[in-house]
Amino acid sequence: MHWLPVGMALLVALAIIAIGTQYVVSPRTATRSFGLPLPEDGANIAWWLRLKGVRDIASGLTVLAFMAWGVPRGVGIILLVEAIIPVGDMLVILAAKGSTKSAFGMHGLTAVLMVLAAIPMMIGAS
């Protein structure tokens with residue numbers, strides 16, 4: 001069962017890096033799929049949206065760094081802690097009466113996958 005949590009961790013890390021890259025390259029396009037209405041127009045909005053992309057890329061690279069370091073328990077702990085991010089995104093979207101489909105289908109599912117990958121890595125099953 002070693003390959004399943006490692007594969008899930010790798011998938012999550014690469015996906016969040018890809019999403020972060022999209023926010024850096026094309027922030028307005030990336031924001032459309034998030035689940036909240038687009039921010040109001042302004043000269044600096046794209047720069048504020050790019051900040052999210054930089055943080056997403058760093059989150060994914062943190063998981064990859066620990067995977068490369070060969071510390072499954074550390075990867076599990078990082079995934080568990082970083083699962084707070086999609087849970088927070090989901091709760092913000094729901095509180096703002098945004099897209100429940102995005103809230104649960106994208107952010108909630110991401111959090112569940114992260115926790116499911118984290119647990120076996122933390123308890124040594126991987």
Side-chain angles (χ1 to χ4, degrees):
M1 293 290 254
H2 169 358
W3 60 269
L4 185 58
V6 170
M8 286 171 54
L10 182 61
L11 176 68
V12 167
L14 294 175
I16 198 63
I17 291 168
I19 291 166
T21 301
Q22 186 178 14
Y23 268 91
V24 170
V25 173
S26 183
R28 288 210 171 263
T29 302
T31 304
R32 285 182 187 20
S33 67
F34 189 79
L36 289 172
L38 287 172
E40 294 176 19
D41 277 332
N44 295 315
I45 293 297
W47 296 110
W48 283 102
L49 295 173
R50 285 183 177 105
L51 290 174
K52 179 194 178 319
V54 171
R55 284 158 178 75
D56 285 351
I57 292 168
S59 294
L61 289 174
T62 300
V63 174
L64 291 180
F66 269 74
M67 290 179 80
W69 195 5
V71 184
R73 184 164 284 144
V75 174
I77 292 168
I78 289 170
L79 284 174
L80 191 61
V81 170
E82 286 189 359
I84 294 168
I85 297 169
V87 168
D89 291 348
M90 179 184 72
L91 294 174
V92 167
I93 291 167
L94 293 173
K97 297 184 180 8
S99 168
T100 55
K101 183 179 177 181
S102 291
F104 292 114
M106 182 175 18
H107 303 288
L109 181 60
T110 298
V112 168
L113 289 174
M114 291 173 80
V115 170
L116 289 175
I119 292 171
M121 296 179 108
M122 288 172 45
I123 61 174
S126 58

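Any value given below was found using the heavy atoms of this structure, including those in side chains, with hydrogens, waters and symmetry copies removed. Owing to the predicted nature of the structure, the values given are computational and were not obtained by experimental measurement.
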Exercise for review: Tell me whether Val6 is reachable from Leu11 by hopping between hydrophobic residues (I, L, V, M, F, W, Y) whose side-chain heavy atoms are closer than 4.5 Å.
Suggested key: no
Exercise for review: Report yes if some heavy atom in the side chain of Tyr23 is under 4.5 Å from a heavy atom in the side chain of Thr31; otherwise report no.
Suggested key: yes
Check your understanding: Ser26 side chain to Gln22 main-chain N or O, any donor-acceptor pair under 3.5 Å?
Key -> no
Review point. Got a donor-acceptor contact below 3.5 angstrom from the His107 side chain to the Leu91 backbone?
Key: no
Review point. Quick one: do Val92 and Phe34 end up in the same hydrophobic cluster if we chain Ile, Leu, Val, Met, Phe, Trp and Tyr together by side-chain heavy atoms under 4.5 Å apart?
Key: yes
Point to revise | Closest heavy-atom pair and its distance - Ala118, Gly76 | key: CB-O, 3.2 Å
Check your understanding: Are Ile85 and Leu113 co-members of a hydrophobic cluster defined by side-chain heavy atoms under 4.5 Å apart?
Key -> no
**Study point:** Cluster link Leu116 to Leu4, ILVMFWY, side chain under 4.5 Å
**Key:** yes
**Study point:** Residue Arg55 excluded, over 12 heavy atoms near CZ under 6.0 Å
**Key:** no
Practice item. Flag yes if Ile77 and Ile84 sit in one hydrophobic cluster, no otherwise; membership is Ile, Leu, Val, Met, Phe, Trp, Tyr, and two members link when side-chain heavy atoms are under 4.5 Å apart. Key: no
Review point. Of all heavy-atom pairs between Gly35 and Ile93, which one has the smallest distance, and what is that distance?
Key: O-CG2, 3.5 Å
Exercise for review: Would you name the heavy atoms of Ala9 and Ala117 that are closest together and state the gap between them?
Suggested key: N-CB, 4.2 Å
Check your understanding: At what distance, to the nearest 0.5 angstrom, does CH2 of Trp3 lie from CE of Met8?
Key -> 10.0 Å
Point to revise | Pairs touching residues 80-100 that satisfy side-chain hydrogen bond (donor to acceptor under 3.5 Å, both in side chains), sequence neighbours left out | key: Ser99-Ser102
Review point. What is the minimum heavy-atom distance between Gly105 and Leu109, and which atoms define it?
Key: O-CB, 3.3 Å
Point to revise | Side-chain heavy atoms of Val12 within contact of Val63, under 4.5 Å | key: no
Study note, to complete from the structure: dist Ile19:CD1 -> Leu14:CG (nearest 0.5 Å) comes out at 11.0 Å
Exercise for review: List the atom of Ala83, the atom of Val115, and the distance in Å for their closest heavy-atom pair.
Suggested key: CB-CG2, 4.0 Å
**Study point:** Sole residue of Leu80, Val75, Val71 in side-chain contact (heavy atoms from CB on, under 4.5 Å) with Met121
**Key:** Val75
Check your understanding: Can you name the closest pair of heavy atoms from Gly20 and Asp56 and give their distance?
Key -> CA-CB, 3.6 Å
**Study point:** Rounded distance [0.5 Å steps], CE in Met114 versus CD1 in Ile78
**Key:** 10.0 Å
